[in-house]
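Each residue takes its place number in the sequence, starting with 1.
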Amino acid sequence: MNAGAAATAGAVTFVWLGMVLAISFIEAPLKFRAPGVTIPIGLGIGRLVFRALNLTEAALALVLIVAVATGSPTTAVIVLTAVSACLLAAQLTFVRPRLNRRSDRVLAGENLPRSTAHLYYVALESAKVLALIALGVTALTA
């Protein structure tokens, strides 16, 4: 990759990675442990935070795609960019709508059992973290 595109791709990738780690793996689980935070309050906060995170992720993915497309990338960079973007798309298309419908029901007062959709989200998020680490390193060293 040319130096400018590689630097842009690396920076965008590691900013994206940092946001995912901070929100998904630190903020999300901790908010429910805070004193006075009920399930409905936590869900309300989580919906706002994840909506903002996902919009930011989509914007970062677009910037990343443009940087990679204009930078004479290696095959590995192309594949890792596609994997990262596809994992985000899967989360937004398949898992988030399910989680939103469930949280709507909980916020409406229904008492529901634990959801397996969260496990799918965490699995996709974990795979995305690994893809972003590999992409960032590959973009900066290719």
Say you draw a straight line from [atom1] of [X] to [atom2] of [Y]; how long is it, rounded to the nearest 0.5 Å?
X	Y	atom1	atom2	answer
R51	T56	CZ	OG1	12.5 Å
L17	I133	CG	CD1	5.5 Å
L88	L53	CG	CG	8.5 Å

Locate the shortest heavy-atom distance separating [X] from [Y]; write the atom from each residue and the value.
X	Y	value
A76	T138	CB-CG2, 3.9 Å
G46	K31	CA-NZ, 3.6 Å
L92	P97	O-CD, 3.3 Å
L135	S84	CD2-OG, 4.2 Å
A67	T8	CB-CG2, 3.8 Å
A117	L99	CB-CD2, 3.6 Å

Do [X] and [Y] sit in the same hydrophobic cluster, where Ile, Leu, Val, Met, Phe, Trp and Tyr count as joined when their side-chain heavy atoms come under 4.5 Å apart?
X	Y	result
V79	V137	yes
F50	F25	yes
L132	I65	no
V20	L62	no
L60	V66	no

Side chain proximity check, E125 to I23, heavy atoms < 4.5 angstrom: no
Note, K128 side chain near L124 side chain (heavy atom, < 4.5 Å): no
Candidate pair R47 and D104, rule side-chain contact (heavy atoms from CB on, under 4.5 Å), full reasoning: CA-CA 10 Å; R47 286 173 70 150; D104 286 342; 2.5 Å; yes
Whether over 12 other heavy atoms sit under 6.0 Å from F14 CZ: yes
Worked verdict on L43 versus R102 for side-chain contact (heavy atoms from CB on, under 4.5 Å): CA-CA 10 Å; L43 286 175; R102 184 180 190 284; 5.7 Å; no
Expected output: side-chain S24 to main-chain L21 donor-acceptor under 3.5 Å: no
